[in-house]
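What follows is one structure encoded as C-alpha cells, with my remarks underneath.
When a ligand or atom number is given, it counts from 1 through the structure's own listing order. Bear in mind the structure is a predicted one, so any value in this text is a computation, not a measurement.
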Amino acid sequence: MARFVDQAKIYVKAGNGGAGCISFRREKYIPKGGPDGGDGGDGGDVILIADPQVHTLYNFHHQVHFRAENGKPGMGKKMKGKDGQDLILRVPVGTVVKDAETGGILGDLTEPGQTLVVARGGKGGRGNAHFATPVRQAPRIAEPGKPGEEKWLVLELKLIADVGLVGFPNAGKSTLLSRMSAAKPKIADYPFTTLEPNLGVVRLFDGNTFVVADIPGLIEGAHKGIGLGYEFLKHIERTRILLYMLDISKEKEVVKDYQILKNELKLFNPQLLDKDYLIALNKIDLMPDPEKIRNIIELFEEKDQGKIYPISAVTGQGVLELIYALWNKLVSIKKEEKYQAV
Ligand SMILES: Nc1nc2c(ncn2[C@@H]2O[C@H](COP(=O)(O)OP(=O)(O)OP(=O)(O)O)[C@@H](O)[C@H]2O)c(=O)[nH]1
Ligand SMILES: [Mg+2]
C-alpha cells in the first residue's frame, strides 16, 4: 500500500499523585482529636485521541514536552486532594504510537475518537486517617503520592494516500481537495497558502474510497530550495497516481507550467515521472470559450492526450468525471499489482 508517513518524537509525563495529609481533629473540649488527614488526589493521565480534524503531526514538531496535572495534596477533615486533570492530545486518525526506548507498539489509532492512555497518573498517597491502630492512635505518617509515568513516544502517521496533487501555488489544489472530500484545507487567493500536507478521503457513491494528498505548491527552482513544496515531494513518492493541477486561465503558459513541474519532480526523484498520472486543467469557469479550451489541450504532447480533465474546482464542473477517472486508474493499478505479485 502506498503510505503517507509523518513522524514526531514527544515526551509525555503523567501527573504525580498528591501527598496524603497529616492532620488531627481539633474540636472544642476534645484536646487530642484523632487523625483526619485526607488522601492526595490522583495525578492526571496523558491520553491520545484520534481526531479526524487533525491531519498531520506537524504541531508536535513545535511542542515536544507534555505534562498532565499533578494531584493536589490531601487536607484535614479527611478531605481528599483534587485529582489532576488528564492531558488530552489530539492526533490524526492513523497514528501509530511507539515507545521510543523499546520500539514496542503501544497502540494504533485507526478509528476516529479512539483513545489511548500513554502515561498513567500516579495514585494519591493515603492520609494519616488510614494509619490509626488501637496502639497508635495519633499516627504522624502519611504516604507520598506515587509519581506519574513518563516516557518518550514516537508517533507515526501512516495514512494511505492513493493520489498526490502536484501543482503551482494557487492552482487550486486545496480547493479541489475540499470539493472531492470532507477535508477542509485552508484556501486563499495567494501563493503558499498550504504549508503542510492535507489528506482527504474521497467517497464514491458505491461506498468505495480513496485518499488524496494535497501538498504545498511547487515553483521553478523548487529543487534548489526556492519556495516551499520541495521537501513535501517525499509524501507523494508513495502515492499510486499523480494528479497535475494546472491553472488553465494562464492559457498558453499552461504547457510550460506542466514542463516545469515535471522537471522539478524529475530532479527530486526521476522515478516520479514513471508513475501513472492525470492532468487537471482547473479554473475552466474563467474560460467561457470551449474552443479555447480545446486549443490548449491540443498544445499538450500526444502521450498526455486522454489524460487531460478540464475542471472547475469552484463550480464542480468536470470534478465527478475526474474522480471516476482517478478511481478507474486506481482499480487497474491495483489489478496490475496483484498480477505482478502472483
Ligand atoms: N475561478 C476559479 N478560482 C479557483 C478555482 N479553484 C481555485 N480557485 C481559486 O484559486 C485560489 C487558490 O486556490 P487554492 O485551492 O488555495 O490553491 P492551492 O493550489 O492549494 O495553492 P497553494 O496552497 O498556495 O499551493 C483561491 O482564491 C481559489 O478560490 C476554480 O476552479 N475557479
Ligand atoms: Mg493549497
Side-chain angles (χ1 to χ4, degrees), residues 4 6 53-56 58-59 92 159 161 163-202 211-223 225-236 239 241-251 253-265 268 272 277-290 292-294 296-297 308-323 325-326:
F4 169 99
D6 186 3
Q53 301 297 319
V54 178
H55 298 288
T56 74
Y58 190 76
N59 286 339
L159 274 188
V163 178
L165 296 181
V166 188
F168 274 70
N170 251 346
K173 300 179 294 299
S174 302
T175 309
L176 180 66
L177 185 75
S178 70
R179 182 157 276 281
M180 296 202 296
S181 71
K184 294 194 172 52
K186 189 171 169 194
I187 293 166
D189 185 19
Y190 52 81
F192 303 119
T193 306
T194 301
L195 301 174
E196 56 193 79
N198 297 303
L199 291 174
V201 179
V202 179
V211 177
V212 178
D214 163 32
I215 61 169
L218 284 175
I219 53 175
E220 185 165 19
H223 70 279
I226 300 176
L228 276 179
Y230 202 58
E231 63 171 297
F232 296 99
L233 282 175
K234 64 173 184 278
H235 292 309
I236 56 161
T239 60
I241 303 179
L242 298 181
L243 177 61
Y244 292 99
M245 287 279 304
L246 300 165
D247 177 350
I248 197 172
S249 69
K250 287 167 87 178
E251 303 200 13
E253 277 181 46
V254 165
V255 179
K256 201 178 96 207
D257 280 1
Y258 177 51
Q259 298 300 344
I260 293 172
L261 285 175
K262 281 208 302 191
N263 193 42
E264 293 299 332
L265 260 55
F268 183 83
L272 283 173
Y277 65 94
L278 293 180
I279 300 169
L281 297 182
N282 190 31
K283 310 197 185 182
I284 49 167
D285 54 298
L286 301 177
M287 304 280 288
D289 181 1
K292 234 177 174 173
I293 295 177
R294 271 198 297 278
I296 291 172
I297 293 175
I308 302 178
Y309 288 78
I311 63 164
S312 168
V314 161
T315 68
Q317 196 185 340
V319 172
L320 202 58
E321 288 88 334
L322 175 64
I323 288 176
L326 289 168

| message | Pair Leu176, Leu322 - check side chain to side chain contact (heavy atoms under 4.5 Å, CB included), show working. | response | CA-CA 11 Å; Leu176 180 66; Leu322 175 64; 4.0 Å; yes

| task | Output, by chain and residue number, all protein N/O/S atoms separated from the Mg ion (ligand 2) by less than 2.8 Å. | result | Ser174 OG, Thr194 OG1

| Between Lys250 and Lys256, is any pair of side-chain heavy atoms under 4.5 Å apart? | no

| note | among protein heavy atoms, the one nearest atom 4 (C) of ligand 1 is Val314 CG2, 3.4 Å

| query | Asp214 to ligand 1: N or O pair under 3.5 Å? | reply | no

| note | Ranked by distance from atom 29 (O) of ligand 1, the top protein heavy atom is Ile187 CG2, 4.1 Å

| For ligand 1, does Asn282 get within less than 4.0 Å through its side chain, its backbone, both, or neither, judged by non-hydrogen atoms? | side chain

| task | Number the atoms of ligand 1 from 1 as they appear, then name those within less than 4.0 Å of a heavy atom of Tyr190, with their elements. | result | 24 (O)

| Between atom CD1 of Ile187 and atom NZ of Lys173, what is the distance when rounded to the nearest 0.5 Å? | 11.0 Å

| query | With under 30° as parallel and over 60° as perpendicular, where do the rings of Tyr244 and Tyr277 fit, or are they tilted in between? | reply | perpendicular

| Do Val166 and Glu264 come within less than 4.5 Å of each other through their side chains, counting heavy atoms only? | no

| query | Which ligand 1 atoms are under 4.0 Å away from a heavy-atom of Gly217? | reply | 25 (O)

| query | Any non-hydrogen atom of Ala171 lying under 4.0 Å from ligand 1? | reply | yes

| request: Can you pull out the closest protein heavy atom to atom 12 (C) of ligand 1? Residue, atom name and distance to 0.1 Å, please. | output: Asn170 OD1, 2.9 Å

| query | Hey, does Leu265 have a side-chain heavy atom less than 4.5 Å from the side chain of Leu218? | reply | yes

| query | Under a 4.0 Å heavy-atom limit, does Pro185 contact ligand 1 with its side chain, its backbone, both, or neither? | reply | neither

| field | Leu165 side chain near Ile215 side chain, heavy-atom distance below 4.5 Å | value | no

| remark: closest protein heavy atom to atom 14 (P) of ligand 1 is Thr175 OG1, 3.5 Å

| Closest approach of any protein heavy atom to atom 23 (O) of ligand 1, naming residue and atom | Thr194 OG1, 2.7 Å

| If only atom types and distance count, is the side chain of Asn282 paired as donor or acceptor with the main-chain N or O of Ala171 below 3.5 Å? | yes

| message | Please list the nearest protein heavy atom to atom 17 (O) of ligand 1 with its residue and the distance rounded to 0.1 Å. | response | Gly172 N, 3.2 Å

| query | Looking only at protein heavy atoms, which one is nearest to atom 26 (C) of ligand 1, and how far off is it? | reply | Ala188 O, 3.6 Å

| field | N or O pair under 3.5 Å between Ala313 and ligand 1 | value | yes

| Looking only at distance, does Asp285 have an N or O less than 3.5 Å from an N or O of ligand 1? | yes

| message | If you define the side chain from C-beta out and look only at heavy atoms, does anything of Lys184 sit under 4.5 Å from Gln53? | response | no

| said: I'd like to check which ligand 1 atoms, numbered from 1 as shown, lie under 4.0 Å from a non-hydrogen atom of Leu286. | reply: 1 (N)

| field | Intermediate values then yes/no, salt bridge (charged side-chain N to carboxylate O under 4.0 Å, His left out), Lys283 and Asp247 | value | CA-CA 6 Å; Lys283 310 197 185 182; Asp247 177 350; 3.5 Å; yes

| field | From Ile297, Leu242, Leu246, Val254, residue fulfilling side chain to side chain contact (heavy atoms under 4.5 Å, CB included) relative to Ile279 | value | Leu246

| query | If we only count heavy atoms from C-beta on, is the Ile248 to Pro310 side-chain gap below 4.5 Å? | reply | no

| Who's the nearest protein heavy-atom neighbour of atom 9 (C) of ligand 1, and how far? | Lys283 NZ, 4.0 Å

| said: Can you confirm, on distance only, whether ligand 1 has an N/O atom lying under 3.5 Å from any N/O atom belonging to Ile311? | reply: no

